[in-house]
There are 2 protein chains.
Amino acid sequence: MDISHTEENYLKAIFKISERNGKPASTNAISNEMNTTAASVTDMVKRLSDKTLIHYERYRGVTLTGQGEQIATHLIRKHRLWEVFLVDKLHFSWDEVHEIAEQLEHIKSKRLVERLDEYLGFPKFDPHGDPIPDADGNFTIRKQALLSELKTGEQGPVVGVHDHTTAFLQYLDRMELVLGTTVKVLEYFEYDESMRVLINNEREQLLSKKVCQNLFVQKQ
Amino acid sequence: MDISHTEENYLKAIFKISERNGKPASTNAISNEMNTTAASVTDMVKRLSDKTLIHYERYRGVTLTGQGEQIATHLIRKHRLWEVFLVDKLHFSWDEVHEIAEQLEHIKSKRLVERLDEYLGFPKFDPHGDPIPDADGNFTIRKQALLSELKTGEQGPVVGVHDHTTAFLQYLDRMELVLGTTVKVLEYFEYDESMRVLINNEREQLLSKKVCQNLFVQKQ
DNA sequence: AAAAATTTTTAGATTAACTTAAAAATATGT
DNA sequence: ACATATTTTTAAGTTAATCTAAAAATTTTT
């Protein structure tokens with residue numbers, strides 16, 4: 001059975017939505033994620049159901065079958081491995097790689113993925129700190145919290161971002177808040193929910209509510 | 001203007017055919033190269049003509065416009081650069097890379113190609129000895145001849161293959177006739193057009209007519 | 001130069017992926 | 001619980017890319 005580029009993207013969207021909301025993906029949620037119409041989704045969802053890649057009952061939303069989930073996680077695996085390649089080997093910055101990886105993830109070759117993984121040193125996380133699933137679709141789980149959830153005095157290394165937009169990533173670059181940087185909460189301002197933090201035990205910095213709510217820090 | 005995966009493949013086919021035959025690509029030649037029907041080609045050729053990527057007059061064959069040629073050579077550039085990547089960095093063998101590169105060549109990102117080129121050390125030839133065009137579509141030209149065209153006593157390094165099939169490439173691997181190997185013609189047998197050659201000034205080898213007609217050797 | 005063979009184009013259909021607009025089903029508010 | 005709002009599906013149609021079969025144009029043969 002072969003599966004189109006488009007079908008793959010639908011499966012990935014369904015995976016993301018279900019993971020995010022912890023429940024079946026609605027037609028509207030999918031159309032929104034895919035920048036298409038609800039009618040197109042209904043159409044596609046029938047086809048994916050015929051191929052037993054999803055469970056679908058009209059008006060009840062969509063979940064992935066084992067097969068469908070396997071394809072979705074494999075796409076994510078490829079996407080994130082390619083992102084590592086682009087950053088580590090070709091020296092792209094972390095805000096430039098998403099769109100290219102969006103194309104590269106559709107390249108079909110089992111051996112290519114295996115060799116790329118090996119070449120990159122079997123990385124477990126991509127340049128944004130997102131976990132790279134293994135060949136069976138298992139993600140490494142890490143104890144993490146948003147910086148905004150830490151209490152005064154708590155600290156940890158920055159391990160990921162919640163917001164993946166170029167704007168945020170470039171902001172972090174300018175602040176020299178790369179992955180691995182240690183952040184310690186010195187003071188919390190209830191007024192605007194901002195924080196004064198100590199970065200790498202060296203310099204102090206004021207971070208806005210929005211920034212704190214989008215930075216993942218490793219726990220304990 | 002955007003151009004589909006399929007349209008790109010047509011342009012590449014037209015480029016190859018015109019280059020091979022030194023005249024406009026016929027509908028049949030294209031349908032043959034693309035494994036499709038003449039009717040499909042006529043259809044597509046109209047669309048490419050509307051986009052001013054080719055010159056087309058019915059019953060008279062097809063040539064590429066400047067724009068079309070630019071796209072075709074850029075595809076070849078990407079294809080061959082990716083082949084170098086697969087062989088040099090991921091350690092694929094030269095008979096395994098064509099199909100993967102066939103997919104990778106469609107990835108759209110100017111910066112990616114530039115960075116890949118740099119990462120690979122600006123190679124001028126791919127793993128099969130085919131020239132890699134530069135960003136302007138110019139190919140490095142090399143003085144070469146088929147081994148079968150050499151006279152007794154002449155010699156040169158192997159620089160390319162005419163036949164790109166897996167069977168031939170694997171045969172060369174088994175014979176340890178990789179690119180760079182020096183071959184000297186010791187004797188020519190008129191009977192079956194085979195040759196006795198000296199390889200790397202070390203060992204003698206008998207090569208069949210077919211092999212000699214598919215190996216490129218650097219001249220003078 | 002006419003007949004035969006080949007090549008190319010047109011005509012008519014199909015499929016995947018998409019759209020808009022209307023109808024149907026489900027969910028929500030009072 | 002019923003009217004209203006929202007979500008989802010169906011219906012009908014479009015476009016790119018393909019196909020088969022038949023017609024038309026070109027080339028080759030004699």
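Each chain gets a letter, A, B and so on, in the order its sequence line appears, and its residues count up from 1.
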Any side-chain N or O of A/Thr36 below 4.0 angstrom from OP1/OP2 of C/dA17?
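False: A/Thr36 side-chain N/O out of range (4.0 Å or more) of C/dA17 OP1/OP2.
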side-chain N/O B/Lys46 vs C/dT10 OP1/OP2, d < 4.0 Å:
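The answer is yes; a side-chain N or O of B/Lys46 sits under 4.0 Å from OP1 or OP2.
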Taking all atoms of both residues into account, what is the closest heavy-atom pair of A/Lys108 and A/Glu8, and its distance?
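Nearest heavy atoms, A/Lys108 then A/Glu8: NZ-OE2, 2.9 Å.
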Which heavy atom of B/Val62 sits nearest a heavy atom of B/Ser18, and at what distance?
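So the two residues come closest at O-OG, 4.4 Å.
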Round to a whole Å and report the spacing from [atom1] of [X] to [atom2] of [N].
| X | N | atom1 | atom2 | answer |
| --- | --- | --- | --- | --- |
| A/Ile3 | C/dT15 | CD1 | C1' | 17 Å |
| B/Asp43 | D/dA21 | CG | C1' | 15 Å |
| B/Asn9 | D/dA16 | CG | C1' | 15 Å |
| B/Asp50 | D/dA17 | CG | P | 12 Å |
| A/His5 | C/dC18 | NE2 | P | 11 Å |

Can you tell which of A/Leu147, A/Val161, A/Asp163 makes a side-chain contact (heavy atoms from CB on, under 4.5 Å) with A/Asn214?
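Result: among A/Leu147, A/Val161, A/Asp163, A/Asp163 is the only option passing the side-chain contact (heavy atoms from CB on, under 4.5 Å) with A/Asn214.
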Strand-adjacent residues in residues 51-64 of chain B, judged by heavy atoms under 4.0 Å from DNA chain D
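Only B/Tyr59 qualify.
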Ring-plane angle category for A/Phe85 and A/Trp82, please: parallel below 30°, perpendicular beyond 60°, tilted otherwise.
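Answer is perpendicular, since the angle exceeds 60°.
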Check: B/His79/B/Asp126 side-chain N/O donor and acceptor closer than 3.5 Å
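No donor-acceptor contact under 3.5 Å links the two side chains.
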Is there a donor in the side chain of B/Glu193 and an acceptor in the side chain of B/Ser148, or the other way round, less than 3.5 Å apart?
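Absent: no donor and acceptor within the cut-off.
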With rounding to the nearest 0.5 Å, note down the distance linking CD in B/Glu33 to OH in B/Tyr10.
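Result: 11.5 Å between the selected atoms.
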When you get a sec, tell me which of [options] is the closest nucleotide to the side chain of [X]?
| X | options | value |
| --- | --- | --- |
| B/Arg47 | C/dA11, D/dA16, C/dT20 | D/dA16 |
| B/Thr42 | D/dT9, C/dT9, D/dT18 | C/dT9 |
| A/Thr37 | C/dT20, D/dT9, D/dT18 | C/dT20 |
| A/Ser40 | D/dT18, C/dT19, C/dT8 | C/dT19 |
| B/Ser4 | C/dT20, D/dA21, D/dA17 | D/dA17 |

Note, B/Pro123 side chain near B/Leu81 side chain (heavy atom, < 4.5 Å)
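The answer is yes, as the side chains (C-beta and beyond) meet within the 4.5 Å cut-off.
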Considering only heavy atoms, which members of residues 15-34 of chain B lie under 4.0 Å from some atom of DNA chain C?
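Contacts with DNA chain C under 4.0 Å: B/Ser26, B/Thr27, B/Asn28.
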Of the options B/Asp134, B/Asp117, B/Asp136, which is the one that meets B/Arg77 in a side chain to side chain donor-acceptor pair (under 3.5 Å)?
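Per the side chain to side chain donor-acceptor pair (under 3.5 Å) rule, the option paired with B/Arg77 is B/Asp117, out of B/Asp134, B/Asp117, B/Asp136.
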